[in-house]
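To keep things clear, I will list the structure first and then write my remarks on it.
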Amino acid sequence: GEVHGPYGLEELWQASIDLPRLSRWGRSWQVIFRALGSMLISPFTSLLAVLTIGAAMFLTALLLLLAFNLHGLISDAGTKLTLSIYIKDSAVEQERLTLLEAVRGLPETAQARYISKDQALREFREALGEQAMLTEGLEADNPLPASIEVVLRGEYLDNKDFERLSKGFSALRGVEEVHYNQGLVGQMAELLLFLRKVGFWAGALMLLTAGFIVANTIRLMLYSRRDEIAIMRMVGATSGFVMSPCLIEGMILGLLGSVLGLCVLNLAFSTFCDTLAGLALVRGLFSNPLFLPWYMICLLYTSPSPRD
């Protein structure tokens, strides 16, 4: 028969009018199969993308893991910072109980422990060890005052918080004196501030680096398919038809790379914990290392990825 138009495209177009249209689910499966087919056609590029995304995920998750455990380590050290409230010997039992309840009711208080005069003497003797005999005969006239040891919550470990609470406790009825280690509290506050700044800038740099690597990997994938994309554009394919398989392919590769990075990190973490169990000195510093909680892993997966 007669062929109309260049290369008979008019006849092909007329013949395609009567073809059955795909349903929404059919189009979705078609896009997925095209994405999988593209991955199988260029396995080296797909493998390179998975390894690159995995490396970026590994480094980002490693930074979060270090920050998470370091924050826990400092929080544990902060629980050893106590604020001691010394009670007057003239204070009656009801005043002491009222004072203890008032301290425990504050939002800054994580734990408050009452130490009687006799208990203070016993703990003092335990601290002296072999020299405890020097305290013999003090039971009849115990010079140590009763006290309340207060442990503050992690968000109130700043030197200003200790000073503010110290002044507030000193004004309470029955309080003789309030004491805390100002030098140690100040050093702890400076260390927390320094780690927060370092963590913020290191995290920002790591995310920018990971985003740069992933963006260039995706650009390389699109460049390798430039001829295919150009042909589809020439025959009238819409932007959605062209980009949908690319987006699906990117999601699959991103998921595979993220799982790979987290699995490698989990394996390295398990090896570190096994090695840690045999090192007494390091185990004393990191007594209970923890892997990333679920919400941090979700944060990694939901972080916005770079767009071209």
Side-chain angles (χ1 to χ4, degrees), residues 22-69 199 202-233 237-275 289-308:
L22 292 175
S23 63
R24 180 177 300 179
W25 286 107
R27 291 195 299 270
S28 300
W29 282 112
Q30 184 188 44
V31 170
I32 294 175
F33 287 143
R34 286 174 56 201
L36 294 176
S38 176
M39 293 170 56
L40 295 177
I41 291 174
S42 54
F44 176 76
T45 305
S46 300
L47 179 61
L48 178 62
V50 170
L51 294 178
T52 303
I53 296 173
M57 174 62 75
F58 175 83
L59 294 176
T60 306
L62 178 61
L63 178 64
L64 279 178
L65 181 63
L66 292 175
F68 177 71
N69 282 277
L205 179 61
M206 187 66 68
L207 288 176
L208 287 176
T209 304
F212 176 78
I213 294 174
V214 173
N216 280 277
T217 303
I218 295 175
R219 188 176 291 110
L220 177 62
M221 292 172 54
L222 294 176
Y223 181 79
S224 64
R225 299 172 58 184
R226 64 189 184 281
D227 294 336
E228 176 186 352
I229 295 175
I231 292 173
M232 287 191 292
R233 288 286 195 182
T238 62
S239 299
F241 184 84
V242 174
M243 296 305 299
S244 295
C246 298
L247 294 176
I248 297 296
E249 183 179 354
M251 291 173 60
I252 296 174
L253 295 177
L255 179 62
L256 293 176
S258 300
V259 171
L260 176 64
L262 288 176
C263 288
V264 172
L265 180 62
N266 190 28
L267 178 62
F269 179 77
S270 301
T271 305
F272 171 77
C273 291
D274 294 339
T275 306
L290 299 174
F291 195 66
L292 290 175
W294 63 268
Y295 61 86
M296 284 192 175
I297 295 178
C298 292
L299 177 63
L300 288 173
Y301 277 102
T302 56
S303 297
S305 58
R307 298 288 189 270
D308 288 330

Checklist outcome for this item: Value for CG (Leu262) from OG (Ser258), rounded to nearest 0.5 Å, stands at 6.5 Å
Item to check | Exercise: identify the closest heavy-atom pair between Ala61 and Leu265 | outcome: CB-CD2, 3.4 Å
Checklist entry - Roughly how far, to the nearest 0.5 Å, is the CG atom of Leu253 from the CG atom of Leu47? => result 10.0 Å
Item to check | Minimal non-hydrogen separation, Gly257 against Met57, with atom names | outcome: O-CB, 4.5 Å
Next on the checklist: I want to check something: taking the side chain as every heavy atom from C-beta on, are Leu260 and Leu256 in contact at a cut-off of under 4.5 Å?
Outcome noted: no
Next on the checklist: With ring pair (Phe, Tyr, Trp, His ring centres under 6.0 Å) as the rule and sequence neighbours excluded, what pairs involving residues 43-64 come up?
Outcome noted: none
Item to check | Spacing of CD1 belonging to Ile252 relative to CD1 belonging to Ile32, to within rounding of 0.5 Å | outcome: 7.0 Å
Next on the checklist: How close do Thr52 and Leu48 get, counting heavy atoms only, and between which atoms?
Outcome noted: OG1-O, 2.7 Å
Next on the checklist: So, using side chain to side chain contact (heavy atoms under 4.5 Å, CB included) as the criterion, who are the partners of Leu66 when residues are at least two apart?
Outcome noted: Leu62
